[in-house]
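Whatever order the structure lists them in is the order used to number ligands and atoms, beginning at 1. Being a predicted model, the structure only gives us computed values, none of them experimental. We count residues from 1, following the sequence as given.
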Amino acid sequence: MKPGPHLIRHFLQFKDFRAEEYAYLFERATIIKKRFKNYEKYTPLVDRTLAMVFEKASTRTRVSFEAGMYQLGGSVVNLTTADSQLGRAEPIEDSARVISRMVDIVMIRTFEQAKIEAFAAHSRVPVINGLTNEYHPCQIMADVFTYIEHRGSLQGKVVAWVGDGNNMANTWLQAADILGFTLHVSTPSGYEINPTVAGVSNAQCVKVFKNPLDACQGAHLVTTDVWTSMGFEAENEARKAAFADWCVDQEMMQAAQSDALFMHCLPAHRGEEVMAEVIDGPQSVVWDEAENRMHVQKALMEYLLIGRVGS
Ligand code: CP
Ligand code: NVA
């Protein structure tokens, strides 16, 4: 690890950053994306190493962090539970002490938020949440950036969340609180959100609806996620029954604003949480959303490692 000129910051939850920092990160992501599209080399992280720790499966998070770090001039080490001592009960605190002496930044995808918090508390370098049971902040950063690219600021607008009160829902709640928009939420009973547990200070930013169609009414963005998140596979059959009416369809999209967008963090299950005609239809921006993971995370790693830079 090379000591940086600034204090260590972690990105463990969406609320770890202020609105003004997101504005900066989105500006940087725009510049970094443009350079990438123009094949312009931009390598501010030469000699820096990212360790990625995956305790759950991934396609987008793995590719976006790994490709992004190489593009910035750095290198990457990938660890999984199966091929490291993490799977053989080495304490997370010891893993943090060791890994953070050898690399400059760490991204972790794991189960309980408490695990990543424990890692960060014993890390000498910045730690990024690449998904926990409770939160998925990199994804929501990409989603907000994607909305801004297509429609401008989300401030004062309405986002409809249809489905599970899961890690994505919790992170949308924090984003609504920090960025000043309203989140309409509809979940089946037994799968509700809890704004206090999700870490939301202003309950005004969330409105709960029994019926998913009502939640979509007037929304500027409609979004959903799988019915069964990683780690909850044993509940799959019960969830399939409970969530049957929480499938985003054309009727819901028609209840939203006429220029509403559809997003899904992916992977998606057509015919379950979303109909094919919605996710593959003209209002869907899911492929931009997936690509933008890489651009916002490049901006995030640049910010955590070297602080603010001029354009
Ligand atoms: N959206 C997302 O995080 O995808 P992966 O699980 O493929 O990383
Ligand atoms: N809620 C999902 C998101 C996957 C990217 C999960 O945790 O499995």
Asker: Among residues at least two apart in sequence or on other chains, which ones pass side-chain hydrogen bond (donor to acceptor under 3.5 Å, both in side chains) with T182?
Answerer: none
Asker: Considering the heavy atoms of L266, write down every atom of ligand 2 situated less than 4.0 Å from one of them.
Answerer: 5 (C)
Asker: What atoms in ligand 2 come closer than 4.0 Å to a heavy atom of N166?
Answerer: 1 (N)
Asker: Between R239 and F232, is NZ or CZ placed under 6.0 angstrom from the six-membered ring centre and within 45° of the ring axis?
Answerer: yes
Asker: Can you check whether T228 has an N/O within less than 3.5 Å of an N/O in ligand 2?
Answerer: no
Asker: With sequence neighbours left out, write down each residue that passes salt bridge (Lys or Arg N to Asp or Glu O under 4.0 Å) with E112, or none if nothing qualifies.
Answerer: none
Asker: Compute the minimum heavy-atom distance from L131 to ligand 1 and say whether it is under 4.0 Å.
Answerer: no
Asker: Do R308 and E27 sit within salt-bridge range, that is, some charged N less than 4.0 Å from a carboxylate O?
Answerer: no
Asker: With a 4.0 Å cut-off, would you call D259 and R151 a salt bridge?
Answerer: yes
Asker: Heavy-atom contacts with D225 under 4.0 Å: which atoms of ligand 2 show up? List them by number with element.
Answerer: 1 (N), 2 (C), 3 (C)
Asker: If you take the centroid of each ring, where Trp contributes its six-membered ring, are F243 and Y191 closer together than 6.0 Å?
Answerer: yes
Asker: Quick one: which ligand 1 atoms are inside 4.0 Å of a heavy atom on T59?
Answerer: 5 (P), 7 (O), 8 (O)
Asker: Looking at the rings of F145 and H295, which for Trp means the six-membered one, are their centres under 6.0 Å apart?
Answerer: no
Asker: Would you please determine whether R62 falls within less than 4.0 Å of ligand 1 on a heavy-atom basis?
Answerer: no
Asker: Can you tell whether the side chains of E149 and K33 come within less than 4.0 Å, N to carboxylate O?
Answerer: yes
Asker: Tell me: protein heavy atom nearest atom 4 (O) of ligand 1, and distance?
Answerer: R60 NE, 2.8 Å
Asker: May I ask which of L131, N170, N167, T132 has a heavy atom nearer to atom 4 (C) of ligand 2 than the others do?
Answerer: L131
Asker: Return the residue, atom name and 0.1 Å-rounded distance of the protein heavy atom closest to atom 6 (O) of ligand 1.
Answerer: R109 NH1, 2.8 Å
Asker: Taking the inter-plane angle between the rings of F17 and Y303 on a 0 to 90° scale, is it parallel (under 30°), tilted (30 to 60°) or perpendicular (over 60°)?
Answerer: perpendicular
Asker: Among A57, S229, P267, C265, which residue places a heavy atom closest to atom 6 (C) of ligand 2?
Answerer: S229
Asker: Can you tell me which residue among D143, D225, T223 is in a side-chain contact (heavy atoms from CB on, under 4.5 Å) with H264?
Answerer: D225
Asker: Taking both backbone and side-chain atoms of L266, is any N or O found less than 3.5 Å from an N or O belonging to ligand 1?
Answerer: yes
Asker: Could you tell me whether R293 and ligand 1 have an N or O pair separated by under 3.5 Å?
Answerer: yes
Asker: Using a 4.0 Å heavy-atom cut-off, which part of D164 comes near ligand 2: side chain, backbone, both, or neither?
Answerer: neither
Asker: Quick one: which ligand 2 atoms are inside 4.0 Å of a heavy atom on M230?
Answerer: 6 (C), 7 (O), 8 (O)
Asker: Does ligand 1 come near enough to C265 that some N or O of the ligand is less than 3.5 Å from an N or O of the residue?
Answerer: yes
